[in-house]
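One structure below.
Only a predicted model underlies this, so the values are computations on that prediction, with no experimental measurement involved.
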Amino acid sequence: MNPLLRHLVGLGAAALCLAATAAPPAFPVQDVPETFFGTTVPDPYRALENKTAPDVVAWMKAQSEHTRKTLDAIPGRNGMVDALMKYESAVSARVFGVQRETGDLWFYERRGATENQFKLYMRRGLAGAERPLVDPEAIEKQTGKPHAINYFTPSRGGRLVAYGLSAQGSEEAALHVLDTRTGKLVAGPVSRANYGGVSWDLTGQRLVFNRLQEMKPGMPEIEKFQRSQVVLWNPSQPIEKAVPVFGIGTPGVQITPAEAPIVSFTHDGRWALGLVINGTQREVGLYLAPARTVLAGKPAWKRVFGAEAKVVGMAYQRNALYLRSHQDASRFKVLRLDLNQPDMAKASVVVPAGDKVVTGLATAADGLYVEMREGNIKRLYRMGWQRGAALAEIKLPVEGSFSLAEDESGTSAGDPRLPGVVLDLQGWTRARQIYVVDAKGAVRNTGLQPQGPYDAPADVVTTEVQVKSHDGALVPMSIVHRKGIALDGSHPTLLYGYASYGITEEPFFSIGRLAFIDAGGIVAVANPRGSSVYGEDWYRAGWQATKPNTWKDFIACAEWLVAQRYTQPARLGILGGSAGGLLMGRAMTERPDLFAAVVSSVGALDMVRAEMTPNGVPNIPEFGSRTTEAGFRSLLAMSAYHQIKDGVKYPAVLLTHGVNDPRVEVWMSTKAGARLQAASASGKPVLMRLDWDAGHGIGNTKRQQFEERADIYAFLLWQMGVPGFQPK
């Protein structure tokens with residue numbers, strides 16, 4: 001790696017902090033202690049939870065301005081923005097969320113090289129001319145606020161498309177319906193459609209979607225995401241005429257206030273599938289009703305199974321549901337359930353559990369497609385519908401990752417009406433391309449995603465390792481670096497982790513990673529327990545009471561990087577966001593000596609109070625509840641805010657957060673930041689980068705994304721002592 005770094009090995013912390021401007025005033029301590037099961041928990045910065053109070057707003061603004069001045073003083077910061085824009089603008093467009101419809105219609109979101117936000121398009125045939133449908137940039141010009149498309153779902157045949165639109169990263173999606181022939185709005189905006197969950201009937205004239213309850217004056221914020229309902233609506237009529245068809249109060253349905261109901265109609269018009277989702281819990285419940293009864297406004301629901309069936313995904317074809325379950329199968333299996341006899345005791349196994357982890361499934365006209373993970377590489381398999389057909393692997397052009405399951409845009413790789421599947425395929429060193437797999441197993445590039453000159457760097461490679469953790473468990477880690485690096489401990493290294501909700505870090509390509517590597521860096525990505533890289537058992541070993549394994553595994557990976565001479569503590573930074581912020585906070589408080597810098601983005605840092613937020617109840621299945629002693633003990637152990645101790649020499653810390661975040665409250669970062677500023681004895685900066693036009697990062701414009709990424713990388717490289725990032 002860069003030999004110019006070697007003479008910097010002995011630099012002290014003081015030399016790395018020269019850019020610090022005059023610090024803003026400290027927020028006054030106003031402790032509001034709470035006692036749980038005999039344990040008193042201090043909360044010295046509870047007042048910061050009132051983010052609209054004038055003194056809190058003034059303090060947040062002062063912190064933000066101080067951070068802005070500090071980051072702007074880093075010499076290489078603007079150059080990092082330029083590098084990111086150079087890499088991104090070299091690609092003529094980025095495309096994602098591809099959905100097919102009958103008639104060879106293709107719907108997708110696209111952002112051109114000179115554009116700042118994704119827009120919705122459609123075309124007939126891959127060679128057809130694309131037509132713009134929804135332009136959030138035009139809406140921003142009208143309103144002065146950045147907007148984003150949260151989801152979209154075409155009607156059967158593609159005449160109409162329903163989409164969610166939100167402003168300033170709030171994810172407060174309003175539902176709209178557009179006529180694709182005329183480009184004119186048919187209906188909307190309809191408020192409280194954050195979850196979407198749109199499904200059209202067979203005629204393409206009516207739809208169902210999940211609608212949040214109306215928050216009346218005086219209702220506590222914790223109620224926001226509870227008691228939602230699925231409503232049936234004809235967009236040609238006022239929303240007030242929509243009929244509730246699934247949720248609390250629906251005859252034959254038992255659902256708790258915290259559970260979210262979702263309904264989808266099968267493509268053949270036979271059935272309505274009523275899903276019951278308990279917040280972030282992966283296991284779902286299922287109700288079944290003839291579609292005609294739901295469309296008549298008198299649904300005849302019958303419960304099929306609950307979370308006890310351990311079903312986490314499903315797909316429909318030929319009057320049967322194909323279910324992905326971890327019942328007695330840590331690495332999952334696929335079951336077939338005949339809907340004429342919807343009894344789980346009679347479900348047959350079509351793909352048994354094996355060495356690989358079954359991670360997804362989709363149905364198409366020609367067969368059942370199954371996604372499996374071997375290590376962190378995905379494999380694709382297909383089983384035809386003919387009797388006696390066997391599961392056969394389809395060779396893909398890149399060994400990397402893809403997903404058959406639905407993503408955040410509502411996209412599914414398969415459609416039971418159409419042959420084959422559509423895949424977004426990428427690797428650590430290969431940018432995402434969009435492929436179609438036909439009924440014969442042939443794989444071809446759709447051409448929807450243009451190839452850029454930097455999308456396949458020949459001089460960047462990946463080293464896969466397994467690291468022994470505190471109890472002997474082997475933790476997988478991927479290290480992305482230039483070819484031929486010398487293991488001399490000199491390399492600025494960024495270790496990334498998440499490890500919650502069973503989410504696994506699979507091979508993905510990042511323009512930002514290239515910019516960091518260009519600055520002499522190495523990027524390592526770990527999959528501690530709490531991910532599901534090895535299946536359900538691996539996930540549950542970093543969940544609730546076992547959550548400490550997550551940060552202990554992560555610390556073991558950091559120690560391995562130092563021991564193997566990739567880097568040293570003075571050159572090692574860590575980064576994680578959302579639930580990954582929990583991981584950053586606890587790794588830092590457990591081993592403050594191991595890291596030069598820590599970045600927590602929209603981080604969950606006060607887990608004792610998390611349950612009291614609007615999104616807190618949906619997260620109880622993942623982290624536990626403070627209303628039980630076991631839950632409280634677990635939450636206190638994983639709460640970084642409560643583990644910060646006075647007089648400890650903490651690393652430099654950057655906390656980034658969108659003020660409009662609906663998932664993790666901004667005060668998670670401001671409270672932890674205030675506590676760190678008061679407690680740390682290292683003299684290293686604790687900065688809070690707050691954005692009043694952003695939320696959890698969902699829907700951020702390209703400029704917002706690159707400005708934040710440049711700030712993060714510049715901060716890390718500054719604290720790692722990299723030449724070109726040291727202020728005078």
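- For N527 and Y534, the side-chain atoms include no donor-acceptor pair closer than 3.5 Å.
- A side-chain donor-acceptor contact under 3.5 Å links Q317 to the backbone of A364.
- Expressed to the nearest 0.5 Å, how far CD of E559 lies from CD1 of I555 amounts to 7.0 Å.
- Within the model, atoms NZ of K378 and CD of E374 stand 13.0 Å from one another, a figure rounded to the nearest 0.5 Å.
- Within a 6.0 Å sphere centred on CD of Q254, other residues, nucleotides and ligands contribute 12 heavy atoms or fewer.
- A donor atom on one side chain and an acceptor atom on the other are found under 3.5 Å apart for E611 and S625.
- Q544 places a side-chain N or O within donor-acceptor distance of the main-chain N or O of P621, the cut-off being under 3.5 Å.
- The closest side-chain heavy-atom distance from V351 to Y381 is not below 4.5 Å.
- Note that CD of E622 and CZ of R282 are 8.5 Å apart. Values are rounded to the nearest 0.5 Å.
- The shortest non-hydrogen separation linking A260 to Y195 is CB-CE1, 3.9 Å.
- The minimum heavy-atom distance between F595 and A558, with the atom names listed, is CE2-CB, 3.7 Å.
- P419 is not listed as a side-chain neighbour of D438, based on a closest heavy-atom distance of 4.5 Å or more.
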(Q) Let's go through Y501 and F623 carefully: what are the C-alpha distance in whole Å and the side-chain angles of both, what is the deciding distance for ring pair (Phe, Tyr, Trp, His ring centres under 6.0 Å) to 0.1 Å, and is it a yes or a no? (A) CA-CA 9 Å; Y501 309 110; F623 301 113; 5.7 Å; yes
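- A side-chain donor-acceptor contact under 3.5 Å links N194 to the backbone of E171.
- Summarising the geometry, atom CE belonging to M584 is positioned 11.0 Å from atom OG1 belonging to T589; distances are rounded to the nearest 0.5 Å.
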Q: Applying side chain to side chain contact (heavy atoms under 4.5 Å, CB included), run through R626 and M612 and close with a yes or a no.
A: CA-CA 10 Å; R626 67 189 211 154; M612 309 310 294; 3.6 Å; yes
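- Looking at heavy atoms from C-beta onward, W560 lies in side-chain contact with Y566 at the 4.5 angstrom threshold.
- A salt bridge links D415 with R417: the distance from a Lys NZ or Arg NE/NH1/NH2 to an Asp or Glu carboxylate oxygen falls below 4.0 Å.
- One finds a salt bridge joining E283 and R540 here, because a Lys/Arg side-chain nitrogen approaches an Asp/Glu carboxylate oxygen to under 4.0 Å.
- Here F508 contributes atom CZ and S478 contributes atom OG; the two are 9.5 Å apart, rounded to the nearest 0.5 Å.
- The line from CG of L321 to CG of L288 is 7.5 Å long, rounded to the nearest 0.5 Å.
- Residues K333 and P352 are not in side-chain contact: their nearest non-hydrogen atoms beyond the backbone lie 4.5 Å or more apart.
- A donor and an acceptor atom, one from each side chain of T39 and R633, are located under 3.5 Å apart.
- The minimum heavy-atom distance between S469 and A556, with the atom names listed, is CA-CB, 3.9 Å.
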(Q) If you apply the rule side chain to side chain contact (heavy atoms under 4.5 Å, CB included), what do you find for V311 with L286, and how did you get there? (A) CA-CA 9 Å; V311 170; L286 176 68; over 6 Å; no
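- Results of the ring-ring contact (aromatic ring centres under 6.0 Å, His included) test with F246 over F265, F209, W301 single out W301 as the only residue that passes.
- When all heavy atoms of T363 and Y322 are compared, the closest pair comes out as CG2-CD1, 4.1 Å.
- The closest donor-acceptor contact from the side chain of T446 to the backbone of Y435 lies at 3.5 Å or more, if one exists at all.
- Side-chain contact between V443 and L425 is absent, with no heavy atoms from C-beta onward closer than 4.5 Å.
- Ion pairing between a basic and an acidic side chain is recognised when a charged N comes within 4.0 Å of a carboxylate O; E536 and K310 show no such pairing.
- Put simply, the side chain of D553 gets close to the backbone of R529: a donor and an acceptor are under 3.5 Å apart.
- At least one side-chain heavy atom of M477 sits under 4.5 Å from a side-chain heavy atom of L495.
- Salt bridge status for K356 with E371: absent, with no side-chain N to carboxylate O gap under 4.0 Å.
- Not a single donor-acceptor pair under 3.5 Å links the side chain of R336 to the backbone N or O of S348.
- Residues D343 and L337 come closest through the heavy atom pair O-CD1, 3.5 Å.
- Taking all atoms of both residues into account, the shortest heavy-atom contact from P618 to P614 is CD-O, 3.9 Å.
- Put simply, the side chain of N549 gets close to the backbone of A541: a donor and an acceptor are under 3.5 Å apart.
- The side-chain heavy atoms of L605 and S600, taken from C-beta on, include a pair separated by under 4.5 Å.
- Contact check for R591 versus W551: no side-chain heavy atoms found under the 4.5 Å cut-off.
- In this structure, S601 contributes its side chain and G577 its backbone to no donor-acceptor pair below 3.5 Å.
- Side-chain atoms of T429 do not come within 3.5 Å of backbone N or O of T462 as any donor-acceptor pair.
- One finds a salt bridge joining R382 and D366 here, because a Lys/Arg side-chain nitrogen approaches an Asp/Glu carboxylate oxygen to under 4.0 Å.
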Q: Mind running side chain to side chain contact (heavy atoms under 4.5 Å, CB included) on Q229 and R227 for me, showing each step along the way?
A: CA-CA 7 Å; Q229 293 273 345; R227 297 180 177 83; over 6 Å; no
Q: Walk me through it: do H326 and Y539 pass the test side chain to side chain contact (heavy atoms under 4.5 Å, CB included)?
A: CA-CA 12 Å; H326 62 85; Y539 164 46; over 6 Å; no
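- Using a distance-only test at 3.5 Å, with no hydrogens or angles considered, no donor-acceptor pair links the side chain of R432 to the main chain of Q426.
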